[in-house]
Number of protein chains: 2
Amino acid sequence: MNRHQKEKADEASGQGRPTLKTLAFMTGLGVTTVSRALKDAPEIGAETRRRVQLVAKQIGYRPNRAGVRLRTGKTNVISLVLNTEHEIMSFVSDIIYGVSEVIADTPYHLIVTPYSRSQDPLDPIRYLVETGSADGVIISRTQPNDPRARYMLERGIPFATHGRTDMGLIHPYHDFDNYAFAAEAVRHLAGLGRRRLALLAPPVELTYHGHTLAGFADALSEVGASEIPFNTVSIDHSIEQIRMRTAQLMRRDVRPDGFISSAAAATLAIVAGIEDAGLKLGRDVDVVSKQSSELLHLFRSELLVVNENFRLAGAELARSVLGWIGGAAPGTLQSLSEPGEVQAYRRPD
Amino acid sequence: MNRHQKEKADEASGQGRPTLKTLAFMTGLGVTTVSRALKDAPEIGAETRRRVQLVAKQIGYRPNRAGVRLRTGKTNVISLVLNTEHEIMSFVSDIIYGVSEVIADTPYHLIVTPYSRSQDPLDPIRYLVETGSADGVIISRTQPNDPRARYMLERGIPFATHGRTDMGLIHPYHDFDNYAFAAEAVRHLAGLGRRRLALLAPPVELTYHGHTLAGFADALSEVGASEIPFNTVSIDHSIEQIRMRTAQLMRRDVRPDGFISSAAAATLAIVAGIEDAGLKLGRDVDVVSKQSSELLHLFRSELLVVNENFRLAGAELARSVLGWIGGAAPGTLQSLSEPGEVQAYRRPD
DNA sequence: GTGACAATCTGTAACGTTTCAGTATATAGC
DNA sequence: GCTATATACTGAAACGTTACAGATTGTCAC
């Protein structure tokens, strides 16, 4: 062992985390060879490859993220960008778990990048892109003409949107079919003999507001029911506001006998408003609501529900972003989740 | 300009992200000087310091995280470790926002590290520590003798726990005073004339199970009420299980006339169980429940609630971890949040 | 036996940062 | 006018990784 090798030995045998240098020393190879052996490069002998990988596994070698990131620019990070005021609560937790599930056996980490009402929604995106903090981004509250999607498309950074855009640009997305939801809800209410329907829609600026309205309108004319306008509030409004507006509406002469609600929390407010007006759910009015966890039937057993699975959405979004990062065509990474049937509550035995 | 400087210029004027080298070229200083000027090192002249900082701000210099991390080992990352099965939904979203709020104007990023039922809760912690992926860790579902806290304490990695431990070891935590909650709930129910109380407690393995039980027991003897045992389920059980057990309990001869519930979702199940047994809330039985968002009163207006603010918890936990990272003594980074009064619902005008 | 070529392996440089060990200049002491 | 010392700055090395440009073999054609 010459002086040079001795030095290497001294360095590599340190009890810190193993690095390529450690592996190189242990196997008697150069760091370059080790590096390539670990990533199955073609110019490495089969036996050497196996030997390196065995030793690496034995001593629990894990590539240093900072080293890789500095050298290659690859962060192995997916960022989930969330609005801290308007995001649906169960959405946040479920989508995180969905994403986690998918990236669990990849080297990716999930970072959460929040922004608040006061900020331009583009701010966090700009930050991520400018600082190169993530390989891929997931955004929600998608708009028909979404500056964030446009911005990332321009910079060529992989992303996926929860909800669709409508800019004639192609990018990965996952969406719930809110057109189908609203249409099914209308049909179900019509089937119960309801004729005057009100819709508590998503906020106008989001794409699925349009989808929801379209499904609502199309099905209304299909079944020959009519709309009672209820567009002074959206599911983004406070519980109190929705409750108050609902109560007001229900005290009018011409009041709805059916409600469709795009969010579970808002449904609580609608029901409260209905009861404030002295009316009874299931008798005077029926309500169809989306929900993401099976809790509404406990609230009022008369409620009619359609489930939206955010965990699945998170998983799909993660798959889409990873797919894009992996080189797949953005157009092939789009998915739409069909709503199940409208469910009435069945009392357990 | 000599050849050497020319090279520098060429490199530094590249339109990529500005680095120290860019700043060094622009200011005519060495990278070392620039680096030190930016962190207010003492041996830099006052004017130079100002000049460098001005230029840095002008061109929007941001230190490269990978560079810093590789050189110093500092990740500027806080990891929030979450159980993907048992975490309360609102807890996840609120705590994330609370943490975000605090780290917003720091260089820290928040990464979410999930683990599932099948795993040893120590796994994600080991991963974080071994790979040096975070400067600080936040864990929840804290146990009296918590191997995760012990492990991190041994390795000297800063962390904070949501909930306390009971191992005679000192570390930062934030906790809700569940002893006070249970005691107050008992007193309130006693004040309503309720005499036979049942408690739906947190799962036994968590520290606050003990706190809750102690508060419950102490207040019971204080007010001279008695306990109806209800320990076949905890708030970790499924809605269906809790509902069924509640209904069973309420059909017994000796049944509770008061319930205390440690979680809002579980309360929905308790109420359903009560009603399954043909009894009425507010008449036959009163229920005091914790909640983290103001929704329970919409569910049944007779419900009595105590609010627990998870966003605040997230903020406190983040402050604690950052404090520890910043060198503060762990013992000074502990906080306890006192429950407010038990609230009955007041109908809005 | 020579040249060509493939198959394996290797050293060096670079990513951007901080730290170490200086260097150069000015100021002060005497 | 000399040294000592403080002040302000600097180059080189290192963190762990990958890419580039070789280097060393052995094999084969002829």
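Naming: A, B, ... by sequence-line order, numbering from 1 per chain.
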Undergrad: Write down the distance between CG (B/Leu70) and P (D/dT18), rounded to a whole number of angstrom.
TA: 12 Å
Undergrad: OP1 or OP2 of D/dA8 less than 4.0 angstrom from a side-chain nitrogen or oxygen of B/Thr48, does that happen here?
TA: no
Undergrad: Rounded to the Å, how far apart are A/Arg50 CZ and C/dC9 P?
TA: 12 Å
Undergrad: For A/Tyr61, run the side chain to side chain contact (heavy atoms under 4.5 Å, CB included) check against A/Val55, A/Leu38, A/Thr22 and tell me which one passes.
TA: A/Leu38
Undergrad: Taking the six-membered ring for Trp, are B/Phe159 and B/Trp324 parallel (under 30°), tilted (30 to 60°) or perpendicular (over 60°)?
TA: tilted
Undergrad: What do you reckon, is CD of B/Glu47 surrounded by more than 12 foreign heavy atoms closer than 6.0 Å?
TA: no
Undergrad: Of all residues at least two apart in sequence or in a different chain, which pass the salt bridge (Lys or Arg N to Asp or Glu O under 4.0 Å) check with A/Asp146?
TA: A/Arg148
Undergrad: Would you work out how much the helix from C/dG1-D/dC30 to C/dC30-D/dG1 bends between its ends, with each end axis defined by five base pairs, to 10 degrees?
TA: 60°
Undergrad: Please give, in whole Å, the distance from D/dT7 P to B/Arg49 CZ?
TA: 13 Å
Undergrad: Locate the shortest heavy-atom distance separating A/Gln334 from A/Pro330; write the atom from each residue and the value.
TA: CG-O, 3.8 Å
Undergrad: Can you establish whether the number of heavy atoms outside B/Ile170 located under 6.0 Å from its atom CD1 is more than 12?
TA: no
Undergrad: B/Leu29 CG to D/dG11 P: how many Å, rounded?
TA: 10 Å
Undergrad: Which letters describe nucleotides 17-23 of chain C, given B = protein heavy atom under 4.0 Å from base, S = only from sugar-phosphate, - = neither?
TA: BBBB---
Undergrad: To the nearest Å, how far apart are B/Glu43 CD and D/dT10 P?
TA: 12 Å
Undergrad: For a quick test of reading the model, state the closest non-hydrogen atom pair linking B/Arg65 to A/Arg69 and the distance between them.
TA: CD-NH2, 3.7 Å
Undergrad: Can you establish whether the number of heavy atoms outside A/Ile59 located under 6.0 Å from its atom CD1 is more than 12?
TA: yes
Undergrad: With a non-hydrogen cut-off below 4.0 angstrom, is B/Gly28 in contact with a base, only sugar-phosphate, or nothing?
TA: sugar-phosphate
